[in-house]
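Have a look at the structure below, then the notes.
Along the sequence shown, residues carry numbers from 1.
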Amino acid sequence: MAANAQQAIGIFDSGIGGLTVLREIRRRLPLETIKYLGDTARVPYGTRSAQTVQKYARANTEFLNRQDIKLLVIACNTASAVATGQLRGAFSLPVIDVVAPGARAAVEATRSGRVGIIGTEGTISSGAYQREISSRVPEAVIFAQACPLFVPLVEQNWVDADDPVVQMIVRRYLEPFLDFGIDTLVLGCTHYPLLKQAIARFLGASIILIDSAEQTAREVDATLGTAGLLRRDPGGPPQYFVTDIPHRFAATGSLFLGEPLDDVQLIDIM
Ligand code: DGL
């Protein structure tokens with residue numbers, strides 16, 4: 001059946017982090033209906049092998065594909081880094097990932113060609129951001145660093161730029177970037193936009209921070225617009241699906257979204 005504008009946008013992430021992407025998509029496209037799947041039973045993805053994340057990403061997409069969606073957003077950077085090609089090959093839906101939009105924005109922003117990337121261990125070791133940037137600017141000098149403690153820090157809501165614990169961890173991971181002389185840093189993980197203030201304060205105003213979520217929302221807008229699939233009337237609030245502990249998702253998720261999360265359903269896709 002051909003896609004139509006009334007269908008929803010499907011978004012999946014390993015858990016709550018993708019709500020930063022949902023928030024940007026809603027800000028840009030407030031009329032759209034969104035169906036969001038957080039794979040809370042199997043989070044985190046960032047410490048798992050590419051094969052395992054690919055398997056999870058496929059199961060998530062199969063579920064959302066049955067929910068009458070017109071476009072899929074892989075909101076998780078780790079899943080985007082290792083599973084985008086496979087999902088595009090296996091499903092006939094348009095699939096938007098978060099790595100390519102973030103990399104493109106970094107390429108547009110950098111003046112010196114010295115670009116930093118931070119993300120989960122899975123994202124950094126996949127080399128996906130590095131490849132995307134180098135394919136556009138072959139002479140770019142790229143410094144990449146996994147920051148595994150950032151995810152639990154954010155999930156504890158320890159994000160305050162004045163908190164000495166936050167400052168210490170930010171310094172430990174990001175100090176090398178100052179020596180590398182980057183002018184642009186890609187926040188290559190769903191959780192990192194919540195640490196933006198602390199990161200910006202440490203690195204200083206001259207280093208541009210790239211938030212993949214904003215760029216991804218732009219890409220969703222452009223893709224639906226070109227296909228004539230943008231909604232013209234309000235589609236109602238988002239619907240949330242999780243694979244474990246809905247009340248925890250609702251509680252932590254409201255910190256990410258800045259509003260209460262209604263309509264969280266537990267599903268089984270194991
Ligand atoms: N959503 C993941 C990402 O953007 C972070 C959390 C996880 O490791 O699952 O890479």
Over all heavy atoms of both residues, which pair between [X] and [Y] is shortest? Give the atoms and the distance, please.
X      : Y      : result
Leu149 : Ile169 : CB-CG2, 4.2 Å
Ala5   : Leu230 : CB-O, 3.6 Å
Trp158 : Val166 : O-CG2, 3.2 Å
Ser126 : Val82  : CB-CG1, 3.9 Å
Ala75  : Gly18  : CB-CA, 3.8 Å

Candidates Asp13, Thr78, Thr120, Asp39 - the one meeting side chain to side chain donor-acceptor pair (under 3.5 Å) with Tyr45: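 It is Asp39, the one option of Asp13, Thr78, Thr120, Asp39 that forms the side chain to side chain donor-acceptor pair (under 3.5 Å) with Tyr45.
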
Measure from the side-chain N and O atoms of [X] to the backbone N and O of [Y], and report whether any donor-acceptor pair falls under 3.5 Å.
X      : Y      : value
Gln130 : Ile124 : yes
Glu24  : Gln215 : no
Arg111 : Asp183 : no
Ser80  : Val98  : yes
Gln265 : Val242 : no
Arg26  : Ile34  : no
Gln239 : Asp263 : no
Arg231 : Thr33  : no
Arg136 : Arg104 : no
Thr20  : Thr190 : yes

Go through it in stages, so that I can follow the logic: the residues are Leu229 and Leu71, the test is side-chain contact (heavy atoms from CB on, under 4.5 Å), and I'd like the CA-CA distance, side-chain angles, deciding distance and then a yes or no. CA-CA 9 Å; Leu229 289 175; Leu71 173 139; over 6 Å; no

Determine, using the 4.5 Å side-chain heavy-atom cutoff (strictly less than), whether [X] and [Y] are members of one ILVMFWY cluster.
X      : Y      : value
Val99  : Ile133 : yes
Leu19  : Val21  : yes
Leu153 : Val159 : yes
Phe12  : Leu22  : no

Does atom CD (Gln197) have a neighbourhood of more than 12 heavy atoms from anything else shown, all under 6.0 Å? no

Would you say CZ of Arg248 has more than 12 non-hydrogen atoms from neighbouring residues, nucleotides or ligands within 6.0 angstrom? no

Which is it for Ile142 and Ser134 under the side-chain contact (heavy atoms from CB on, under 4.5 Å) test, yes or no, and what are the steps along the way? CA-CA 8 Å; Ile142 300 168; Ser134 299; 3.5 Å; yes

Check the pair Tyr36 / Leu261 against side-chain contact (heavy atoms from CB on, under 4.5 Å), numbers first and verdict last. CA-CA 11 Å; Tyr36 179 98; Leu261 268 77; over 6 Å; no

I need the single residue from Phe150, Phe202, Tyr192 that forms a ring-ring contact (aromatic ring centres under 6.0 Å, His included) with Tyr173. Which is it?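 Looking at Phe150, Phe202, Tyr192, the match for Tyr173 under the ring-ring contact (aromatic ring centres under 6.0 Å, His included) is Phe150.
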
Given Leu64, Val73, Ile96, the one that forms side chain to side chain contact (heavy atoms under 4.5 Å, CB included) with Ile9: Val73

Run the side-chain contact (heavy atoms from CB on, under 4.5 Å) test on Asp211 and Lys196 for me, step by step, so that the C-alpha distance in whole Å, both residues' side-chain angles and the decisive distance to 0.1 Å come before the verdict. CA-CA 9 Å; Asp211 179 346; Lys196 211 171 184 173; 3.7 Å; yes

Residues Gln7 and Asp68: side-chain donor-acceptor under 3.5 angstrom: yes

side-chain hydrogen bond (donor to acceptor under 3.5 Å, both in side chains) between Thr243 and Tyr56, intermediate numbers included: CA-CA 11 Å; Thr243 48; Tyr56 294 171; over 6 Å; no

